[in-house]
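Each remark here refers to the structure printed beneath this line.
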Amino acid sequence: MSDTDQSQYDPEAPTADGGSQILRFGWEEWVGLPDLGLPALKCKVDTGARTSSLHAFDIETFGPKNAPKVRFAVHPIPGRDDLVIPCSADIIDRRTVTSSNGESEERYVISSTLVVGHEAWPIELTLTNRLGMASHMLLGREALRDHISIVATDRFCQPELSYDVYHSTSMRKDAPKRALRIAVLSREDNYSTRRLVEEGEKRGHSVEVIDTTRCYMAINSKNPEVHYDGKRLPRYDAVIPRIGASITPYGTAVIRQFETIGTYCVNGSAGITASRDKLHAHQVLSRHRIDMPVTAFANSPKDTRNLIDLVGSAPLIVKLLESTQGKGVVLAETKKAAESVISAFRGLKANFLVQQFVKEAAGEDLRCLVIGNKVVGAMLRTGAEGDFRSNLHQGGTARAARISKAERDAALKAAKAFGLNLAGVDLLRSSEGPKVLEVNSSPGLEGIEKATKRNQVEKLYEEIELRVRPAPVRRRKTAK
Ligand SMILES: Nc1ncnc2c1ncn2[C@@H]1O[C@H](COP(=O)(O)OP(=O)(O)OP(=O)(O)O)[C@@H](O)[C@H]1O
Ligand SMILES: [Mg+2]
Ligand SMILES: [Mg+2]
């Protein structure tokens, strides 16, 4: 461990422009590029070079044509290829640079604050991905201010920093607000998709909507990829899955592929798969000891009576396993009615479960929107006159709701049970407390934003930024 002080850069301190004492620079110095999330780098001072350069890889442009950005990755510690800092910056220019070995290369030019000791000033940097450079950063003449004097025989004349900072929690706190490249996996141009694009762009990110069913995949051990329309998709910082119920198997396969590549997916494939199938979902809830209406499932028609007995007396709910929008949910008032619904479903070869009817919910359910580990909004949905189902698609209405601690805890626990960072958890208010009905992995955003009169999508981006911006990525070691 080094005994250097990482907090020595004080933004309030006089800058080089303020003109203070002479700064002595050796041929190698410790510097920081805080705008890029690189607090400590060893850099070679080279007065033979005009422009400064940063050794980067996976260099890729993105964003609008009139304000292009560049994304790239940096190994800040030489020899430590497992430590990767993802960066992005505005492109301020393109320049042909001839390096010391005489090779010319067209490079992107970006701007960043350079920190040395207590001083900070803006510099221009070109990005180059030439392999085998001993130094990961080169400081050229243009970046050197008048009050800097070079002592070519010495090194580390300025305060030393330490690479330990890359393993500290302050990396997360001090991470720059870099623009992210985000994909929304969706086939629909609806309110939710539009809001995700609008809000992301408002925060400076680039948000692309991708039709999940048009993604195709190269599945292999060395270099798994996702392709789209004849091209390999870029490396996204985050993927927001909005997988419709009709394409769950293929949609989750695409997400699995992104997970394999190492892309952060707001909701994981396993959680989406488990929450989509009501039988599977209730088993997950049960394993996590989350309260739900008594539920039973049987395979054989011989067990219809036994199934009904497990749940108790009529009225009963019979539900298709893949129901959405309340379309496959039936209330059977008597045991006899339950038996005939069950035999009708069996005749259609449909999979269903039988569930205790929570009468006291009185046609209302509570939708809690969970983002990260918070319930960010809740609404009470009331069914249309005479309907026990509260679904908005069945004519129900919604209004913002205050929830109890028990309800909040149940919603958070349920979302966590499926590992979902964005979830719509539906609860029934029963006389025994909240009972979880289901967990939706692509919750509609229109109803909840309108009922709560809150910008909920903004909270989703806060969560995504927290997850992907700062954390240095640890790469899987791949065979060369
Ligand atoms: N066991 C139950 N007791 C009382 N009401 C119920 C019960 N199960 C479902 N309901 C009512 O029926 C509605 C639809 O049920 P559920 O949410 O399980 O179906 P769904 O088709 O998955 O709907 P969606 O996914 O669109 O919300 C619920 O919102 C609730 O109002
Ligand atoms: Mg549902
Ligand atoms: Mg529901």
Side-chain angles (χ1 to χ4, degrees), residues 190 192 242-246 248 267 271-282 284-286 290-297 307-308 310-333 338 341 345 350-370 378-399 401 407 410-411 414-415 418 420 422-448 451:
N190 55 19
S192 301
R242 303 289 300 175
I243 307 296
S246 61
T248 305
N267 282 341
I272 298 174
T273 304
S275 64
R276 275 293 153 79
D277 174 314
K278 289 196 195 309
L279 171 60
H280 192 165
H282 281 87
V284 171
L285 293 172
S286 146
I290 296 166
D291 211 7
M292 69 192 100
V294 178
T295 303
F297 178 83
L307 195 60
I308 295 175
L310 272 186
V311 173
S313 57
L316 293 172
I317 295 277
V318 185
K319 228 182 250 193
L320 291 180
L321 293 192
E322 281 164 14
S323 168
T324 59
Q325 307 181 348
K327 281 177 196 150
V329 184
V330 180
L331 173 63
E333 301 278 0
V341 174
F345 276 176
N351 285 313
F352 59 89
L353 50 77
V354 177
Q355 197 167 61
Q356 164 203 12
F357 176 53
V358 181
K359 192 159 183 253
E360 33 333 338
E364 283 191 335
D365 81 347
L366 187 66
R367 159 60 62 96
C368 298
L369 183 68
V370 177
M379 62 178 171
L380 203 57
R381 298 182 294 195
T382 308
E385 187 67 35
D387 201 328
F388 72 96
R389 298 165 305 174
S390 54
N391 303 68
L392 302 183
H393 283 102
Q394 301 298 336
T397 52
R399 61 182 194 279
E407 288 163 347
F418 294 92
L420 299 175
L422 168 65
V425 181
D426 295 343
L427 306 171
L428 289 180
R429 285 181 157 164
S430 87
S431 50
E432 296 157 21
K435 294 205 188 275
V436 175
L437 258 195
E438 63 171 344
V439 179
N440 292 285
S441 58
S442 297
L445 301 169
E446 184 168 14
I448 192 89

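On a predicted model such as this, the values are computed, not experimentally measured, just so you know. Read the numbers this way: they start at 1 and go in the same order the structure lists the ligands and their atoms.
- In terms of polar-atom proximity, defined here as any N/O pair under 3.5 Å, Asp365 does make such a contact with ligand 1.
- The minimum heavy-atom distance linking Arg381 with Ser390 is given by the pair O-CB, 3.2 Å.
- Some N or O of Lys278 is nearer than 3.5 Å to an N or O of ligand 1, by distance alone.
- Within a 6.0 Å sphere centred on CD of Glu322, heavy atoms belonging to other residues, nucleotides or ligands number 12 at most.
- Residue Arg276 is tested with Thr324, Asn440, Thr248 for a side-chain hydrogen bond (donor to acceptor under 3.5 Å, both in side chains); the sole match is Thr248.
- Within the listing of ligand 1, atoms 27 (O) sit less than 4.0 angstrom from a heavy atom of Asp426.
- Residues Glu438 and His282 bring no donor and acceptor atom of their side chains to less than 3.5 Å of each other.
- Of the protein's heavy atoms, Arg389 CG, 3.4 Å lies nearest to atom 12 (O) of ligand 1.
- Set against the non-hydrogen atoms of Asn440, the atoms of ligand 1 under 4.0 Å away are 25 (O).
- From the protein, the heavy atom lying nearest to atom 26 (O) of ligand 1 is Gln325 N, 2.5 Å.
- Nearest N, O or S atom of Glu438 to the Mg ion (ligand 2): atom OE1.
- Checking side-chain atoms of Ser430 against main-chain N and O of Lys435 turns up no donor-acceptor pair under 3.5 Å.
- Scanning the protein heavy atoms around atom 11 (C) of ligand 1, the nearest turns out to be Phe388 O, 3.7 Å.
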Kindly indicate, with the supporting measurements, whether the criterion side chain to side chain contact (heavy atoms under 4.5 Å, CB included) is fulfilled by His393 and Lys327.
CA-CA 9 Å; His393 283 102; Lys327 281 177 196 150; over 6 Å; no
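- Nearest protein neighbour of atom 14 (C) of ligand 1, counting heavy atoms only, is Asn391 OD1, 3.1 Å.
- Of the heavy atoms in Gln355, only side-chain atoms (C-beta onward) come closer than 4.0 Å to ligand 1.
- Counting heavy atoms under 4.0 Å from ligand 1, residue Leu437 touches it through the side chain alone.
- In terms of protein heavy-atom proximity, atom 16 (P) of ligand 1 is closest to Glu438 OE2, 3.8 Å.
- Between the side chains of Glu360 and Ser431, at least one donor N or O lies within less than 3.5 Å of an accepting N or O.
- Heavy atoms of His393 found under 4.0 angstrom from ligand 1: none, in either backbone or side chain.
- Using a non-hydrogen distance threshold of 4.0 Å, Gln394 does not register as a contact of ligand 1.
- Taking both residues in full, the closest heavy atoms of Ala401 and Leu366 are given as CB-CD1, 3.8 Å, listed atom of the first, atom of the second, then distance.
- What you find for Asn267 and Ser441 is that their closest heavy atoms are ND2-O, 2.9 Å.
- A salt bridge between Glu364 and Arg399 is present, with a side-chain N of the basic residue lying under 4.0 Å from a carboxylate O of the acidic one.
- Between the side chain of Thr295 and the main chain of Pro293, a donor-acceptor pair closer than 3.5 Å is present.
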Could you go through Leu316 and Ile308, starting from their C-alpha distance and side-chain angles, then the distance that decides it, and tell me whether this counts as side chain to side chain contact (heavy atoms under 4.5 Å, CB included)?
CA-CA 8 Å; Leu316 293 172; Ile308 295 175; 3.5 Å; yes
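- If you check which protein heavy atom lies closest to atom 5 (N) of ligand 1, you get Leu428 CD1, 3.9 Å.
- Taking backbone and side chain together, Asp365 holds no N, O or S atom under 2.8 Å from the Mg ion (ligand 3).
- Contact annotation for Gln356 and ligand 1: only backbone heavy atoms (N, CA, C, O) come within less than 4.0 Å of the ligand.
- Closest non-hydrogen pair, Arg367 versus Asp426, comes out as NE-OD1, 2.5 Å.
- Nearest protein heavy-atom neighbour of atom 15 (O) of ligand 1: Val329 CG2, 3.7 Å.
- Contact annotation: for Ser390 versus ligand 1, heavy atoms closer than 4.0 Å belong to both the backbone and the side chain.
- Residue contact check: Phe357 has heavy atoms under 4.0 Å from atoms 3 (N), 4 (C) of ligand 1.
- In this structure, Phe345 and Phe352 have tilted ring planes: the angle between them lies in the 30° to 60° band.
- Contacts between Lys319 and ligand 1, counted as non-hydrogen atom pairs separated by less than 4.0 Å, involve the side chain only.
- With hydrogens left out, the protein atom closest to atom 21 (O) of ligand 1 is Ser323 OG, 2.4 Å, a heavy atom.
- Where the criterion is an N or O separation shorter than 3.5 Å, residue side chain and backbone included, Val358 meets it with respect to ligand 1.
- Residue Asp426: no N/O/S atom is found under 2.8 Å from the Mg ion (ligand 2).
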